[in-house]
Amino acid sequence: MTTATIAPIPNDDYESLVKQNDKGQNALSLLVGGVHCAMCIQKIESSLIQQPEISEARLNFSTGRLNIVWNGALNKANEFVSTVKSLGYSVSPYNPDIEKNTMDNENRFLLMCIGVSGFAMGNIMMLSVGVWTTNIATMGFATRELLHAIMGLIAIPSVIFAGRPFFSSAFSVLRKGQTNMDVPISLGLVLACGMSVFETIRGAEHVYFDSAVMLMFFLLVGRYMDFRARRSARSAASDLIQSLSGFATILENGQTKRILIRDLREGMQIVVSTGESIPADSVIENGESTIDTSLVTGETLPRAVHIGDAVYAGTMNQSAPLTLRVSKAAEDSLLADVVRLMEKAEQGQAKYVRLADRVSRLYTPVVHILALSAFILWWGFLGASWQDSLMIAVTVLIVTCPCALGLAVPVVQVLASGVLMKRGVLVKSGDALERLALIDTVLFDKTGTLTIGKPQLIGDYNHAYLQLAASLATHSKHPLSIALTSAYKGDILNLTDVQEVFGKGLYTDYQGQMIKLGSRSWIGVQDPSMSDDLEIWLSVGQEKPVPFYFKDQLKEDARKTVGRLQDQGLNITLLSGDRQNVADIIASETGITSVYAEQTPIDKYNQLENLKAAGHKILMVGDGLNDAPVLAGADVSMAPGTAIDMAQNAADIVFMGDQLLPVSYTHQIAKLTQLLVKENFAISIIYNFIAVPAAFCGLITPMLAAIAMSGSSLIVIGNSFRLRRYK
Amino acid sequence: MSILIYLMPIALILGCVGLGAFIWSMKSNQYEDLDGAANRILLDDDVAQ
């Protein structure tokens, strides 16, 4: 079937996106795709600069953003866009939500602080080499005082400027009457600088400006790396957001119009041409094509789609134009949900995160007490000078920061969400993964979960009967009818006046005879069938009815998935509403030994309760309406993306695509995540157990403490990144 | 040692110049498009007439 002839699709209207800059010129930001090399930059920029009205055309290679500034008419915008397009690049409106690699404020702020403290550190180091390598006899009192004073002059403004990340965080949390990791750091910096100033004024021998500034520098570097690690885990979502910007073609009263994807609403009719991304979740009204779902599900094999199929925003239409009816506006699309889920998961109040927060909160008062007692011990009892005692106290403050504890969980969780999302698995709550790691039993639903959910015609049939059956079946949307029609490749007879009896079958008159296609009981077949396949029967007039058999194909990786889960030591059970013999066949094909068939939804729920009462931790994987209560009641539940909405809402984890392997993959990632979290905790605890006594005994200088602390944070982050390498 | 009275300010001023250059480069957005800058050196711009 071809789409009705429609008017040529008008060009995108970029005029509406033009803004005025402060000099009164026209400015437009575009996103250019397909820029891969230096020549691309030159081609695009020079072709635009050549135009007389343009005063500036600059392409940001890292992000693909093209800024054009020109004087003159607004509608030149479309000309410029077509110029770039004619060079062979794709152009879309620049979506300000994506700031992938550009400097945002926090990035810039941290870099500035690092720069200033680096400058201070270098210069003070230069001066302190002089002070530390000689003594007052050689140098003279005045020189030493001068050097101290200059060190102070460099250090104080630098600490005030570059210490802001720590000071502002500590201040805001102290005002609420709590403490966080930045409080000891700030205290340590203030004490070290304050004491050094005091000593300089007094004309004493040792000052510690160098320690203070170096400590600040290493802490800032550690903080910057932590910041970058968190950001890189998020960039997976920005690729998806990009697909939400741009234009879509809608059909309004037979006319086509280009509007922004953001303005699409439910019920609108849209046209998606070959090679275009599908702009919103919709249902196919006209056309047949193949869809590349890799952006959303990670699957590289394209999926064939027909009228009535649902397609999702962000996927690409490959073979033929399609006419679609929007079912969800852009912000409600699955894609937008994915991004929101990701953000929610990142901030999720998972059990371990809460634990780490609690520990941090308890930790800091303990740290302060430890530092104070170190000071008192050394100064009061061990006879050290108060300066030395103070520096030991500062070292204790710095070295015991529970940064590693604070990082141990969030980094791993963010990375896990990112890794899973790349495989098309959406984790809805932070602790779903934690619960998943603890399960010992898996309950599988059959239809739509272990099987593809689409019956297929099997066996050979008389062509005439098949033709009749298919001709009747085209008038029905029943899954078996659709399967029959798609299996039949010949000509369809044009039957008129076909009546459908819902749930039973179809009938009509043809060449003087009554033809019926429907369920066994409706057709009136008497012999009990030994066949266990899905079936419908065709009866022509008074002839003996002819059966057609269908099989619901098992997902090709079902057996492998079950095998992998069993290797992990899990008990697998099949729960199905289907007949016993059908369920048994599926069970034997997948290697499942425990089967409960002919289960009503209540039965399924009772099975779940029994298992829970016996102390098992259960994962439920299901897709249908009758699974929803079990999905909600299980310890953790997963639903395939093809599941009905209610099942997806009830499940903790949704996996896209037609494969079952994501179930075992997610389970393994969950276990690895828990392992890494535990390792991170262990690293933090061991580090503190070694570092704190060492600092207490005066074995560590403040600078070494800073390096050690940043080092432990980096080790924890590095350990977490092992998750990324898991295949 | 009296040479220090000249050397110190010189060292510090040079240090400040370095810091100032760093801050200027950050403020003028030179860190925004690092890959682009790396690629642009390969381009032959026609010499402006």
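Chain naming here is simple, since letters A, B, ... match the order of the sequence lines and numbering starts at 1 in each.
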Donor-acceptor list for residues 6-20 of chain B side chains, cut-off 3.5 Å, not counting sequence neighbours:
none

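- Atom CE of residue M26(B) and atom CZ of residue R108(A) lie 6.0 Å apart, to the nearest 0.5 angstrom.
- Interatomic distance, CE of M39(A) versus CG of N39(B), reported as 11.0 Å (0.5 Å rounding).
- In plain terms, the two heavy atoms of L59(A) and R40(B) that are nearest each other are O-NH2, 2.7 Å.
- For a heavy-atom cut-off of 4.5 Å, chain B lies close to I150(A), I154(A) in residues 149-162 of chain A.
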